[in-house]
Engineer: 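I have a structure here, written as structure tokens, and I will follow up with some questions on it.
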Amino acid sequence: MPRAKFEIGKSAKHASDGGVPSDGSSKASWNTIKPVAKTKQTYARRMTLAFAATSVMTAVIFLLVLAFVWEDQFQSYTRQNMQSLAQATASTLAAKYEEAGGWTPDVLSYAEMASNTSSDIAVQVQNASGSTIFDDTWIHGKQVDSSDNSVPSGTDSIVTANITLTSGEIVGTVRLWAFGSDAMLTQADSTFRTNSYTAIFIAAIIAVIISCIIGFMISRSLSKPIGKITATARQIRNGDLSARTGLKGNDEIGQLGETFDDMATSLEKDIKHERRLTSDVAHELRTPLMAMQATVEAMQDGVYPTDAEHLEVIATEVRRLSRLVGAMLQLSRLENGKTPFNPEETDLVWLVKSLVTSQEQLFADKDLQLRFVDETPNRTLVADVDPDLIRQAVVNLMSNAMRYTPAGGWVLVAINQDHSDALISVSDTGIGIAKEDLPRTFSRFWRSDASREMESGGLGVGLAVTKEIIDRHNGTITVESELGKGTTFTLRIPLHQQHALPNGRQSADRQEK
């Protein structure tokens with residue numbers, strides 16, 4: 001049969017205060033099952049609205065960027081096109097002017113080429129003295145001059161190009177503008193701009209709709225497992241300790257589900273252990289009380305004489321009760337951090353060796369061999385520990401070994417060093433512990449069978465006390481056992497450490513004396 005192993009311990013204990021509010025009022029209430037809170041908005045709805053709001057904000061920002069950047073670029077582009085058309089018209093008129101030797105109707109007819117480019121473009125030609133010699137606004141049903149309201153008054157709304165001969169002489173000016181627009185936008189340009197904004201607006205609406213759909217689908221996929229965890233938590237709160245989410249996965253939701261299920265499993269075990277603990281404590285207290293009650297009643301009825309023998313029976317049970325209550329009180333104080341903890345530099349080799357020496361005769365009376373092995377020859381193994389607590393932990397293990405080792409067996413206490421840890425082990429050739437029982441070894445009143453503790457006379461809290469002592473030293477306990485062959489308990493204690501305080505803080509390596 002393979003030898004089973006189990007290790008338990010933690011680096012530090014953390015205590016948390018209760019969350020009971022204090023407002024100075026003497027009135028208070030508490031309900032075991034709280035009603036389910038009604039939320040106005042579900043997680044899926046909030047997620048969907050968040051996606052929609054993000055899309056709307058993106059579209060608004062995009063439109064603002066277009067309004068301040070794209071609009072300016074677009075107007076610059078249309079002005080450049082108008083300026084290029086004016087410059088081309090001026091160059092053509094200059095060439096024809098030189099050929100004709102002046103302004104003739106044939107020369108001015110070339111100005112209509114720019115007018116024919118678009119019906120929204122007005123062309124006006126002025127001579128060197130500034131008089132208008134060509135104006136095509138009559139084509140559009142308006143006879144105007146430069147003072148007419150149809151001509152833009154702002155210089156930014158009109159482009160001009162000088163008609164310059166090859167000799168450098170300026171013989172006139174070409175003026176171009178767009179009808180009905182101060183931004184020099186033709187009807188085609190305005191239509192293009194309007195259609196562009198409309199397309200962007202429609203795209204924004206489509207993006208918001210798609211975002212809402214995607215947000216709803218994503219929120220559903222996220223809220224479904226969260227809802228399952230909530231429903232499972234509600235089942236556990238209502239008493240169904242077997243409820244589990246069954247969620248698995250490598251993402252945060254899957255890990256949350258697995259952690260929740262692990263927590264629920266631990267909670268179920270703790271509650272079952274608490275119920276079993278209550279039963280065990282009641283049993284441990286009832287047995288000596290019933291023995292005392294039966295003896296006293298027998299003496300009262302005259303069945304037993306009131307002599308030293310029967311009074312000793314009562315005294316024995318009273319002492320057993322006293323030891324049990326004392327052990328439970330010490331365990332409670334250790335768990336609550338109320339036991340004084342006074343670490344000091346201690347020679348662990350000398351401490352363990354002196355314990356073995358003081359216990360040799362007691363083991364010999366039980367027909368057991370007790371030996372001490374120092375596996376750290378010529379080395380000083382000094383640790384910053386509470387010597388009284390460590391002594392009690394080792395004595396508990398030795399007493400446990402003596403209790404469950406048959407006559408003729410042996411118990412070996414050894415001390416060694418592993419890197420920065422001290423190892424104190426207690427091995428026996430006793431009855432051993434089953435593999436499935438190892439995780440419960442350090443539970444209160446634990447028994448491998450129904451009568452083990454009663455037959456041995458143990459209280460069943462020694463190993464629990466030992467575990468709490470080692471926890472205070474930030475150490476661990478390892479137990480290796482095989483049925484019918486024996487058990488080995490090993491205490492691993494850091495040589496230099498920060499000790500755990502009751503409130504979870506860390507003390508210095510050494511307390512000042």
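Keep in mind the model is a prediction, meaning the values are calculated, not measured.
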Engineer: Please report the interatomic distance CD1(I158) to CD(Q83), rounded to the nearest 0.5 Å.
Structural biologist: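 If we round to the nearest 0.5 Å, I158:CD1 and Q83:CD are 12.0 Å apart.
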
Engineer: Which atoms form the tightest heavy-atom contact between E98 and S167, and what is the distance?
Structural biologist: OE2-N, 4.4 Å

Engineer: Could you tell me which non-hydrogen atom of A161 sits nearest to which non-hydrogen atom of A86, and how far apart they are?
Structural biologist: CB-O, 3.5 Å

Engineer: Flag yes if more than 12 heavy atoms outside Y110 fall under 6.0 Å of its OH atom; otherwise flag no.
Structural biologist: no

Engineer: What's the separation between atom CD in Q80 and atom CG in L85, rounded to the nearest 0.5 Å?
Structural biologist: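 Reported to 0.5 Å precision, the distance equals 13.5 Å.
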
Engineer: Taking only residues two or more places apart in sequence or in another chain, which ones pass ring-ring contact (aromatic ring centres under 6.0 Å, His included) with Y97?
Structural biologist: W103

Engineer: Among all residues two or more places apart in sequence or in another chain, which pass the side chain to side chain contact (heavy atoms under 4.5 Å, CB included) test with S129?
Structural biologist: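 Once residues adjacent in sequence are excluded, the partners of S129 under the side chain to side chain contact (heavy atoms under 4.5 Å, CB included) criterion are N127, S131.
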
Engineer: Does atom CD of E252 have more than 12 heavy-atom neighbours from other groups under 6.0 Å away?
Structural biologist: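 No.
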
Engineer: Got a donor-acceptor contact below 3.5 angstrom from the T58 side chain to the V56 backbone?
Structural biologist: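 Side chain of T58 to backbone of V56, a donor-acceptor pair under 3.5 Å: no, none is there.
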
Engineer: Report, as yes or no, whether the 6.0 Å neighbourhood of atom CE on M217 holds more than 12 heavy atoms from other residues, nucleotides or ligands.
Structural biologist: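 No.
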
Engineer: Please report the interatomic distance CG(N396) to CD1(I469), rounded to the nearest 0.5 Å.
Structural biologist: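 CD1 of I469 is found 6.0 Å from CG of N396.
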
Engineer: Would a 4.5 Å heavy-atom cut-off, applied to side chains only, mark I236 and L267 as touching?
Structural biologist: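 Counting from C-beta outward, I236 and L267 do come under 4.5 Å.
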
Engineer: Does Q417 use its side chain to pair, donor to acceptor, with the backbone of L381 at less than 3.5 Å?
Structural biologist: no

Engineer: With rounding to the nearest 0.5 Å, note down the distance linking OG1 in T230 to CZ in R237.
Structural biologist: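 So the gap between those two atoms works out to 10.5 Å.
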
Engineer: Is a donor on one side and an acceptor on the other found under 3.5 Å between the side chain of E480 and the backbone of T487?
Structural biologist: no

Engineer: Does D386 reach the main-chain N or O of D388 with its side chain, forming a donor-acceptor pair under 3.5 Å?
Structural biologist: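 Answer holds: yes.
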
Engineer: Got a list of side-chain donor-acceptor pairs under 3.5 Å for residues 199-209, not counting sequence neighbours?
Structural biologist:
none

Engineer: Treating S425 as the side-chain partner and T490 as the backbone partner, does any N or O pair qualify as donor plus acceptor under 3.5 Å?
Structural biologist: no

Engineer: Test V174 against every option in L93, T92, N162, T160 by the side chain to side chain contact (heavy atoms under 4.5 Å, CB included) rule and name the one that passes.
Structural biologist: L93

Engineer: With P387 as reference, evaluate L348, L351, N342 under the side chain to side chain contact (heavy atoms under 4.5 Å, CB included) test and give the passing residue.
Structural biologist: L351

Engineer: Check whether K96 reaches the backbone of V107 with its side chain - one donor and one acceptor, N or O, closer than 3.5 Å.
Structural biologist: no

Engineer: Can you find a heavy atom in the side chain of Q124 that is under 4.5 Å from one in the side chain of T132?
Structural biologist: yes

Engineer: State whether the number of non-hydrogen atoms from other residues, nucleotides or ligands found under 6.0 Å of D251 atom CG is greater than 12.
Structural biologist: yes

Engineer: Can you sort out the partners of T265 under side chain to side chain donor-acceptor pair (under 3.5 Å), two or more places apart, ordered by chain and number?
Structural biologist: R244

Engineer: Checking Q255 now: which residues fulfil side chain to side chain contact (heavy atoms under 4.5 Å, CB included) with it, not counting sequence neighbours?
Structural biologist: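 Listed in chain order: nothing, the list is empty.
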
Engineer: Once you round to the nearest 0.5 Å, how far does CD1 of I229 lie from OG1 of T245?
Structural biologist: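 One gets 5.5 Å once the value is rounded to the nearest 0.5 Å.
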
Engineer: Supply the atom-to-atom distance I226 CD1 to K224 NZ, rounded to the nearest 0.5 angstrom.
Structural biologist: 13.5 Å

Engineer: Measuring only between side-chain heavy atoms, which start at C-beta, is L463 closer than 4.5 Å to F489?
Structural biologist: yes

Engineer: Using side chain to side chain donor-acceptor pair (under 3.5 Å) as the criterion, list what pairs up with D418, not counting sequence neighbours.
Structural biologist: R492

